[in-house]
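First comes the structure, then the notes that go with it.
What you see below is based on every heavy atom in this structure, not just the backbone, and it leaves out hydrogens, waters and symmetry mates. First the proteins, then the strands, lettered A, B, ... as listed; each starts at 1. A quick note: this is a predicted structure, and the numbers were derived from the prediction, not measured.
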Protein chains: 2
Amino acid sequence: MDITEVAKVSGFPASTLRFYEEKGLIQSTGRVGLRRLFNSDVLERLALIGLGRGAGFSLDEISEMFTPEGPEINRALLLAKADELDRKIKELTAMRNGLRHAAVCNAPNHFECPKFLRLLRVAGKNRFRQPSKLKENKFK
Amino acid sequence: MDITEVAKVSGFPASTLRFYEEKGLIQSTGRVGLRRLFNSDVLERLALIGLGRGAGFSLDEISEMFTPEGPEINRALLLAKADELDRKIKELTAMRNGLRHAAVCNAPNHFECPKFLRLLRVAGKNRFRQPSKLKENKFK
DNA sequence: ATAAAAGTTCAAGTCAACTTGAAGTCAAGT
DNA sequence: ACTTGACTTCAAGTTGACTTGAACTTTTAT
């Protein structure tokens with residue numbers, strides 16, 4: 001397939017496909033002249049990338065999941081990501097419930113509505129920091 | 001409370017709190033000299049902001065949810081956001097299942113494992129584009 | 001009274017993830 | 001042979017969400 005077909009089917013613009021290839025997230029299988037050729041299995045990969053991005057993983061994290069760095073490392077990594085997703089699913093569920101309630105609640109301000117606050121508080125467990133921004137500069 | 005206490009309790013750095021105040025997402029209740037004073041209810045608000053950010057909403061979207069623009073507009077908006085979350089929850093669940101399977105699967109490449117692919121494909125429904133990047137420039 | 005600590009403003013810098021623009025290369029149809 | 005349009009590279013620009021730095025003002029401790 002050529003790049004425009006992949007773009008059409010996957011929903012990613014061609015510029016993004018080139019960008020992803022440069023980053024090593026996808027591969028083209030060859031060229032016709034200058035033009036890239038893609039094997040159709042790139043579509044699965046792109047779908048997974050889209051899913052991962054939607055789940056809040058960075059491109060770097062996603063490529064880590066793709067490439068098994070060691071025999072055991074990767075297995076543990078995948079399970080850790082799965083647990084991360086479980087936590088996030090809980091949060092999203094709490095927020096969704098909060099929104100649904102807020103939409104039918106006639107309290108003047110949601111922050112004064114005990115039910116709304118209770119719905120949100122469920123999510124507050126096991127949450128200390130923003131997930132994406134940890135930098136781990138313990139050692140200067 | 002002063003800004004460092006809010007920072008400590010909420011987990012957001014002081015710089016972020018100032019930034020959020022400037023953006024109108026939170027308010028300080030007064031000053032002592034130059035220094036901001038916060039009412040403790042800002043903590044609820046911050047928790048909700050954190051939840052919203054984690055769910056992938058932009059700061060602009062979050063502030064829209066806070067401020068009732070009209071009598072009915074807001075209600076519909078909240079329900080729409082809740083539906084968006086429902087879709088995302090489905091995706092995350094599919095991805096989580098995919099990861100858990102991948103961690104125990106001994107196929108050489110996950111893209112060749114039919115179970116993995118099937119798990120992911122569940123999520124592919126009702127997904128055309130990335131949620132965050134729509135720009136709607138239909139009219140040039 | 002004085003110096004350090006903590007807070008302030010405002011402009012500029014950073015980072016990830018793309019997108020856009022300019023200039024060039026090909027491949028195909030007429 | 002030639003034009004057109006799809007594709008290419010590479011550098012630079014954009015956006016959202018913050019962070020950092022420099023210069024300044026209080027508050028608090030000694």
Side-chain angles (χ1 to χ4, degrees), chain A residues 1-38 42 45-46 48-66 129-137 140, chain B residues 1-38 42 45-46 48-66 129-137 140:
Chain A
M1 330 167 65
D2 75 333
I3 202 171
T4 25
E5 194 176 352
V6 178
K8 209 159 279 176
V9 178
S10 70
F12 289 98
S15 62
T16 303
L17 300 177
R18 290 192 204 97
F19 175 70
Y20 281 177
E21 189 187 15
E22 197 179 346
K23 278 225 131 191
L25 278 101
I26 60 175
Q27 277 124 264
S28 53
T29 49
R31 299 279 180 128
V32 175
L34 274 186
R35 310 180 177 190
R36 288 165 179 80
L37 274 190
F38 291 94
V42 80
R45 222 177 159 89
L46 284 169
L48 186 50
I49 293 173
L51 232 36
R53 297 284 299 110
F57 293 118
S58 71
L59 296 182
D60 285 353
E61 285 177 300
I62 292 169
S63 63
E64 275 176 36
M65 296 192 222
F66 282 164
R129 262 185 154 286
Q130 300 309 97
S132 45
K133 272 293 186 165
L134 299 172
K135 276 214 175 160
E136 311 285 312
N137 277 3
K140 198 41 161 313
Chain B
M1 329 167 64
D2 74 333
I3 202 171
T4 25
E5 194 176 353
V6 177
K8 209 159 278 174
V9 179
S10 70
F12 289 98
S15 63
T16 304
L17 299 178
R18 289 191 205 98
F19 175 71
Y20 281 177
E21 188 186 14
E22 198 180 347
K23 279 224 133 193
L25 277 101
I26 58 173
Q27 278 126 263
S28 52
T29 50
R31 299 280 179 125
V32 175
L34 275 187
R35 307 179 179 191
R36 290 165 178 80
L37 273 190
F38 291 93
V42 80
R45 220 175 160 93
L46 284 169
L48 186 50
I49 293 174
L51 233 35
R53 296 285 298 109
F57 294 119
S58 70
L59 295 183
D60 285 355
E61 286 177 299
I62 292 169
S63 63
E64 275 176 34
M65 296 191 222
F66 282 164
R129 262 185 153 284
Q130 300 308 98
S132 46
K133 272 292 186 166
L134 298 172
K135 275 215 174 162
E136 311 283 315
N137 278 1
K140 200 43 162 314

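For DNA chain D, the neighbouring residues in residues 14-22 of chain B, judged by any heavy atom under 4.0 Å, are B/S15, B/T16, B/F19, B/Y20. DNA chain D lies under 4.0 Å from at least one heavy atom of each of the following residues of residues 2-9 of chain A: A/D2, A/I3, A/T4.
In this structure, B/L46 and B/F12 approach most closely via the heavy-atom pair O-CE1, 3.6 Å. The nearest pair of heavy atoms linking A/L59 to A/R53 is CD2-CD, 3.3 Å. Heavy atoms only, all atoms of each residue included: A/I62 and A/I49 are closest at CD1-O, 3.9 Å. When all heavy atoms are compared, the tightest approach of A/Q27 to A/V42 is O-CG2, 4.3 Å. Across all non-hydrogen atoms, the minimal contact from A/A7 to A/P13 is CB-C, 4.4 Å.
Under the 3.5 Å distance criterion, with hydrogens and angles disregarded, no donor-acceptor pair is assigned to the side chains of A/D60 and A/S58.
In this structure, the CD atom of A/E61 is 17 Å from the P atom of C/dC15, given to the nearest Å. With rounding to whole Å, A/R53 atom CZ is found 13 Å from D/dG16 atom C1'. We find that CZ of B/F57 is positioned 13 Å from P of D/dA17, with the value rounded to whole Å. Going from atom NZ of A/K23 over to atom C1' of D/dT9 covers 19 Å, rounded to whole Å. Nucleotide D/dA6 holds its P atom 18 Å from the CZ atom of A/F38, rounded to whole Å.
Residues satisfying the side-chain hydrogen bond (donor to acceptor under 3.5 Å, both in side chains) test with B/S15, not counting sequence neighbours, are none. With sequence neighbours excluded, no residue satisfies salt bridge (Lys or Arg N to Asp or Glu O under 4.0 Å) with B/K8.
The backbone N or O of A/L25 sits nowhere less than 3.5 Å from a side-chain atom of A/S63 that would complete a donor-acceptor pair.
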Self-check item: Under 4.0 Å protein heavy-atom contacts per nucleotide of nucleotides 22-30 of chain C, with B for base, S for backbone only and - for none
Solution: ----BS---
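Rounding to the nearest 0.5 angstrom, the gap separating the CZ atom in B/F38 from the CG atom in B/L17 is 5.5 Å.
Sorted by first and then second residue, the salt bridge (charged side-chain N to carboxylate O under 4.0 Å, His left out) pairs with a member in residues 27-37 of chain B read B/E21-B/R36; sequence neighbours excluded.
Note on A/R36: every side-chain N or O is 4.0 Å or more away from OP1 and OP2 of D/dC7.
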